[in-house]
S.K.: 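Have a look at this one.
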Amino acid sequence: MDQVRVGVIGLGMGFSHARTLASGRIKGARLSAICDLSPAKQEEARETLPSDVKIWSDTGAMISSGEIDAVIIATPHYAHPQVAIECLNHGLHVLIEKPAGVYTKQVREMNRAAEASGKVFSIMYNQRCNPLYKKLKELIADGELGEIRRMNWIITNWYRSQSYYDSGGWRATWAGEGGGVLINQSPHQLDLWQWTTGMMPKRIRAFCAFGKYRNIEVEDDVTAYAEYENGATAVFITTTGEAPGTNRYEVTGDRGKIVIEDGKLTFWRLRVPEPEFNRQFTGGFGEPECWKCEVPIWGDNPHHSGIIQNFADAILHGTPLIAPGEEGIHGLTLSNAMHLSTWTDNWVDLPLNEDLYYEMLQERITHSSAQKTVKEIGAVDMSKTFGSY
Ligand SMILES: NC(=O)c1ccc[n+]([C@@H]2O[C@H](COP(=O)([O-])OP(=O)(O)OC[C@H]3O[C@@H](n4cnc5c(N)ncnc54)[C@H](O)[C@@H]3O)[C@@H](O)[C@H]2O)c1
């Protein structure tokens, strides 16, 4: 194979991926087909995409057509694992949109199918292409921060108005979406948080507020506290109801502190590690000498195209994936744990009690107002959804 024939399933955000592929910008891949259940989306695809792109309304038929080698799945979240499993079982390479799914039990099943298939399986964690977070990950892995002690992420610039929530029947309902800001907007940060540090908490206590700022049944405001095996702690704060919002990610280790904010990475670097200073210092008041460094950040941020190009390269040349699909379960575990802690009004130990989460989610789905009235807001500029760098 010298060119991967890609089918895109779901044409909201998926339209943007379809256009990227149709533009010829992805080396070694081309858009062969799209599939959407909505006749209006099919029509839009017919009018705006190249005429040789086949338009499908039936996902199963496209998957078994033999006319594609790979898919990008950009349906609402619940369907990601279900459609991915079907594709993998048909021998297709799969790139799913984030989040990996809504609950980890379902995602675990998808991961098993991916492993059994031997196909390339990736997830659209496009923010892993951001050189700021790549640099942070590299500095931590190289030991520049020493032992991690504290992580604080305030990610409150995912502003969403009521009209956004009203624009899609599936949005912000337990039955349709399976959560709010944790499952839709913040999965990027829930991924980066553990990807950059290589650390998952041992337990989480969270406080989610449901419909605090908007008329929705799911969470739109979250404060979570996490504890780690090595004694480190973290606070994660997110909301869609605040303006102006903040995006500040701070990681402190025993050799200093790194802050990512306003597109910059600042390293407050201790001359000697804090424990060493403490052992030697006899002067009463005083603290370790510290140098503030603006760390130069090199390289472009290819955003979503970077993940799609990497997916094609992995299929054609075995290039290692930036965001292996199997890793989607980590961020989702954090999100599920935050819901569960709120629902049980208690600490949640990891590994997560996945059966209990599933059971409590089902209770909410049973009482969900999934069939809400949709108010059309016209054409939407999907680039506005990326937000928050
Ligand atoms: N990575 C990012 O930056 C990013 C940005 C936006 C959305 N997303 C993700 O993309 C996914 C879709 O979100 P959206 O905002 O585009 O939603 P959307 O409602 O705008 O679009 C979803 C589309 O999928 C279609 N669809 C639903 N079920 C289908 C099925 N079984 N087969 C074929 N088509 C189907 C719908 O008709 C609709 O056109 C979500 O999981 C979301 O988290 C990711």
Side-chain angles (χ1 to χ4, degrees), residues 7-20 33-45 55-63 68 71-87 95-102 106-107 110 122-130 158 160 164-173 175-192 218 240 301-308 311 322-323 325 328 331-332 335 370 372 374-389:
V8 174
I9 305 177
L11 293 184
M13 185 63 203
F15 230 127
S16 162
H17 304 325
R19 286 192 196 101
T20 299
I34 60 88
C35 178
D36 199 293
L37 304 179
S38 149
K41 288 294 170 86
Q42 294 158 27
E43 194 44 42
E44 194 182 342
I55 317 276
W56 297 87
S57 57
D58 176 347
T59 319
M62 183 179 97
I63 292 170
I68 52 173
V71 289
I72 299 181
I73 300 171
T75 60
H77 332 311
Y78 272 111
H80 296 173
Q82 184 193 320
V83 179
I85 290 170
E86 199 181 338
C87 292
L95 169 57
I96 49 166
E97 260 298 351
K98 49 49 67 174
V102 172
Q106 189 194 26
V107 168
M110 172 175 67
S122 182
I123 182 165
M124 186 53 83
Y125 278 144
N126 45 286
Q127 295 208 25
R128 286 194 185 190
C129 294
N130 186 331
W158 283 120
R160 292 292 182 270
Y164 160 80
Y165 286 116
D166 293 345
S167 70
W170 63 281
R171 290 196 196 284
T173 60
E177 180 154 26
V181 62
L182 288 174
I183 206 82
N184 192 315
Q185 287 79 28
S186 290
H188 292 294
Q189 286 75 34
L190 293 175
D191 175 58
L192 294 172
V218 294
T240 51
N301 182 354
H303 300 270
H304 304 78
S305 303
I307 296 289
I308 302 175
F311 179 55
I322 295 168
L332 186 66
S335 154
K372 63 183 197 181
V374 176
K375 293 183 192 154
E376 287 296 334
I377 55 171
V380 171
D381 174 3
M382 289 306 286
S383 66
K384 297 270 178 353
T385 76
F386 311 156
S388 305
Y389 292 102

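Counting starts at 1 for both ligands and their atoms, in listed order.
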S.K.: Taking atom 2 (C) of ligand 1 as the point of reference, which of H304, M124, K41, Q185 owns the nearest heavy atom?
M.R.: H304

S.K.: For ligand 1, note which part of M13 has a heavy atom under 4.0 Å away: side chain, backbone, both or neither.
M.R.: both

S.K.: Could you tell me if any non-hydrogen atom of W170 lies under 4.0 Å from any atom of ligand 1?
M.R.: yes

S.K.: Taking all atoms of both residues into account, what is the closest heavy-atom pair of L11 and A45, and its distance?
M.R.: CD1-CB, 3.9 Å

S.K.: Would you mind running through ligand 1 and noting each atom that sits below 4.0 Å from a heavy atom of C35?
M.R.: 33 (C), 34 (N)

S.K.: Quick one: look at V83 and ligand 1, take heavy-atom pairs under 4.0 Å, and tell me if it's side chain, backbone, both or neither.
M.R.: neither

S.K.: Quick one: pull up CE in M62 and OG in S57 and give me the separation to the nearest 0.5 Å.
M.R.: 11.0 Å

S.K.: Relative to atom 23 (C) of ligand 1, which among V8, T75, D36 owns the nearest non-hydrogen atom?
M.R.: D36

S.K.: Quick one: does P76 get a heavy atom under 4.0 Å from ligand 1?
M.R.: yes

S.K.: Does a side-chain heavy-atom distance below 4.5 Å link H188 with N126?
M.R.: yes

S.K.: Hey, are the side chains of H304 and T20 touching, using non-hydrogen atoms and a 4.5 Å cut-off?
M.R.: no

S.K.: Have a look at E177, E86, H77, E97 and point out the one with the heavy atom closest to atom 41 (O) of ligand 1.
M.R.: H77

S.K.: When only distance counts, is T59 in polar contact with ligand 1, meaning an N/O pair under 3.5 Å?
M.R.: yes

S.K.: Compare all side-chain heavy atoms of H17 with those of E97 and state whether any distance is below 4.5 angstrom.
M.R.: yes

S.K.: Taking non-hydrogen atoms only, is R171 closer than 4.0 angstrom to ligand 1 via side chain, backbone, both or neither?
M.R.: side chain

S.K.: Is a donor from one side chain sitting under 3.5 angstrom from an acceptor on the other, for T240 and Y165?
M.R.: yes

S.K.: Can you list the ligand 1 atoms lying under 4.0 Å from a non-hydrogen atom of N126?
M.R.: 1 (N), 2 (C), 3 (O)

S.K.: Please examine the side chains of C129 and I307, heavy atoms only from C-beta on, and report whether any two atoms are closer than 4.5 Å.
M.R.: yes

S.K.: Looking at side-chain heavy atoms only, is the closest gap between E177 and N184 below 4.5 Å?
M.R.: yes

S.K.: For ligand 1, which atoms sit closer than 4.0 Å to a heavy atom of H80?
M.R.: 41 (O)

S.K.: With heavy-atom distances below 4.0 Å as the criterion, list the atoms of ligand 1 near I9.
M.R.: 32 (N), 33 (C)

S.K.: Find out whether Q127 and Q189 are in side-chain contact, i.e. whether some heavy atom of one side chain is under 4.5 Å from a heavy atom of the other.
M.R.: yes

S.K.: Enumerate the atoms of ligand 1 whose separation from the nearest heavy atom of H188 is less than 4.0 angstrom.
M.R.: 1 (N), 2 (C), 3 (O)

